[in-house]
Undergrad: 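First the structure, then my questions, so here it is.
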Amino acid sequence: MSRKKIIAGNWKMNVKPSETAALVKGVAEATAAAAGRVDVVCCTPAIDVPAAVAAAAGTGVEIGAENCHWEDHGAFTGEISTGMLLDAGAKYVIVGHSERRQYFGETDETVNRRARAAIAAGLTAIVCIGETLEERDAGRLQEVIRRQVNVGLKDVSAADCARLVIAYEPVWAIGTGRTATPDQAQEAHALIRSTLAALVGAETAETVRIQYGGSMKPGNAADLLAKKDIDGGLIGGASLKAADFAGIVAAAAV
Ligand code: PEP
């Protein structure tokens, strides 16, 4: 089955509101040739979302956020609800990034709550999973991936999968310059898809896009994206330079 590729930038905590329009417009211009053939998304700090949405208007670029809470509103100081993100014009939200798991106590259970809230609200959730180097070296890759999919996507229905993207991000490859080989990534993606198939059915699992993330760059994107189950990329460092990001989008557009 052919799945439209999706390249999403994760700006992390890097771009100020006053710098946002220039980067979004730069991305839109540099990726214009791929418009319609590849889904191009910039996931920005929540405070940048309104400026990013305004700058992306009329272009092929869509805007997402980097996290959301599971409640609609209430006494949750410092949190951002899915309704707030939608109201600001976001279409996507990253959930369960390894930096949230590592530094902010995110668990598979809270990832599940956030993902279900995002999908129920009408956002597309980009749910991140991936093993640490210790887990890989200990031969626990399969166990960790299966647990993260089974718990993180618990009670996500086949219908919900229309608004689900999964990002496989081996923690050891994020921001390290060390990339999983295309074969290592494909092995994990195939495992994710078969684990998902047991939850929502094989036919639906075939429709869900699985991105690779971890030091993806213009120079290595084509080999990764050529693999059967690699349907795009979640891009950290290289999303902060329009030309680099566009190089990855171009590799996805072939
Ligand atoms: C990420 O943080 O999602 C990521 C993949 O980062 P980088 O591309 O910098 O490794």
Side-chain angles (χ1 to χ4, degrees), residues 5-15 23 26-27 30-31 38-46 48-49 52 61-68 90 92-104 106 111 114-115 118 123-133 135-136 144-145 148-149 152 164-182 184-186 188-189 192 209-225 227 229-252:
K5 298 255 189 314
I6 174 169
I7 305 295
N10 171 16
W11 289 8
K12 311 194 184 190
M13 197 173 73
N14 285 308
V15 182
L23 182 51
V27 166
T31 60
V38 178
D39 285 341
V40 178
V41 183
C42 293
C43 294
T44 79
D48 294 350
V49 166
V61 176
E62 303 223 83
I63 302 303
E66 298 175 14
N67 193 20
C68 64
Y92 290 80
V93 63
I94 298 171
V95 171
H97 191 277
S98 66
E99 288 151 15
R100 304 281 333 158
R101 295 177 189 255
Q102 189 178 350
Y103 304 130
F104 302 101
E106 194 83 65
V111 170
R114 293 182 209 278
L123 290 160
T124 294
I126 299 177
V127 177
C128 302
I129 62 174
E131 81 288 359
T132 64
L133 192 55
E135 289 164 340
R136 176 172 276 266
V144 170
I145 295 290
Q148 289 180 337
V149 172
L164 172 68
V165 173
I166 299 173
Y168 168 63
E169 300 207 302
V171 178
W172 46 274
I174 296 179
T176 59
R178 197 176 152 189
T179 316
T181 65
Q184 283 175 323
Q186 168 58 30
H189 283 230
I192 291 166
R209 293 174 299 177
I210 307 176
Q211 299 171 307
Y212 169 79
S215 300
M216 194 187 254
K217 298 185 173 56
N220 60 25
D223 286 347
L224 287 157
L225 293 166
K227 290 293 180 183
D229 287 293
I230 302 183
D231 308 313
L234 183 57
I235 319 297
S239 72
L240 299 173
K241 289 199 179 120
D244 287 352
F245 191 63
I248 298 170
V249 173

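Just the heavy atoms: all of them, side chains too, but no hydrogens, waters or symmetry mates, feed the values below. Whatever order the structure lists them in is the order used to number ligands and atoms, beginning at 1. Just so you know, these numbers come straight off a predicted model, no measurement behind them.
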Undergrad: Starting from atom 8 (O) of ligand 1, which protein heavy atom do you reach first, and at what distance in Å?
TA: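 Of the protein heavy atoms, Gly236 N, 2.8 Å lies nearest.
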Undergrad: Hey, which atoms in ligand 1 end up nearer than 4.0 Å to a heavy atom of Ser215?
TA: 7 (P), 8 (O), 10 (O)
Undergrad: Could you tell me which atoms of ligand 1, counted from 1 in the order shown, lie closer than 4.0 angstrom to a heavy atom of Gly175?
TA: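 Ligand 1 atoms under the 4.0 Å threshold to Gly175: 7 (P), 9 (O), 10 (O).
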Undergrad: Which atom pair, heavy atoms only, marks the closest approach of Cys128 to Glu169?
TA: SG-OE1, 4.0 Å
Undergrad: Starting from the C-alpha separation in whole Å, work towards a yes-or-no answer on side-chain contact (heavy atoms from CB on, under 4.5 Å) for Val15 and Thr44.
TA: CA-CA 8 Å; Val15 182; Thr44 79; over 6 Å; no
Undergrad: Got a second to check how far Thr132's OG1 is from Arg101's CZ, nearest 0.5 Å?
TA: 11.5 Å
Undergrad: Cut-off 3.5 Å, no hydrogens considered: what does the side-chain donor-acceptor table look like for residues 238-248, sequence neighbours left out?
TA:
residue : atom : partner : partner atom : Å
Ser239  : OG   : Ile235  : O            : 3.2
Ser239  : OG   : Gly236  : O            : 2.7

Undergrad: I need the atoms of ligand 1 closer than 4.0 Å to a non-hydrogen atom of Asn10, numbered in the order shown.
TA: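 Those atoms are 1 (C), 2 (O), 3 (O).
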Undergrad: Please give me the minimum heavy-atom distance between Ala115 and Val95, naming the atom from each residue.
TA: N-CG1, 3.9 Å
Undergrad: To the nearest 0.1 Å, how far is atom 3 (O) of ligand 1 from its closest protein heavy atom, and which atom is that?
TA: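 Protein heavy atom at minimum distance: Glu169 OE2, 2.7 Å.
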Undergrad: For atom 1 (C) of ligand 1, find the nearest protein heavy atom and state the residue, atom name and distance (0.1 Å precision).
TA: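 The closest heavy atom on the protein side is His97 NE2, 3.2 Å.
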Undergrad: Judging by distance only, is a nitrogen or oxygen of Thr176 under 3.5 angstrom from one on ligand 1?
TA: no
Undergrad: Report, in ascending order of atom number, the atoms of ligand 1 lying under 4.0 Å from any heavy atom of Gly237.
TA: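 Going through ligand 1 atom by atom, the ones under 4.0 Å from Gly237 are 7 (P), 8 (O), 9 (O).
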Undergrad: Relative to ligand 1, is Ala173 under 4.0 angstrom through side chain, backbone, both or neither, heavy atoms considered?
TA: backbone
Undergrad: Specify the closest pair of heavy atoms between Thr179 and Leu224, including all atoms of both residues, with the distance to one decimal.
TA: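 Closest pair (atom of Thr179, atom of Leu224, distance): CG2-CD1, 3.9 Å.
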Undergrad: Which atoms of ligand 1 are found less than 4.0 Å from any heavy atom of Gly214?
TA: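 Within the 4.0 Å cut-off of Gly214, ligand 1 contributes 5 (C), 10 (O).
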Undergrad: Aromatic rings Tyr168 and Tyr212: how do their planes relate, parallel, tilted or perpendicular, breaks at 30° and 60°?
TA: tilted
Undergrad: Please report whether ligand 1 has a polar contact with Ile235, defined as an N or O pair separated by less than 3.5 Å (distance criterion only).
TA: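 There is no such contact.
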Undergrad: Any N or O of Ile174 that comes nearer than 3.5 Å to an N or O of ligand 1?
TA: no
Undergrad: Nearest heavy-atom pair of Ala8 and Ile126: which atoms, and what distance?
TA: CB-CD1, 4.1 Å
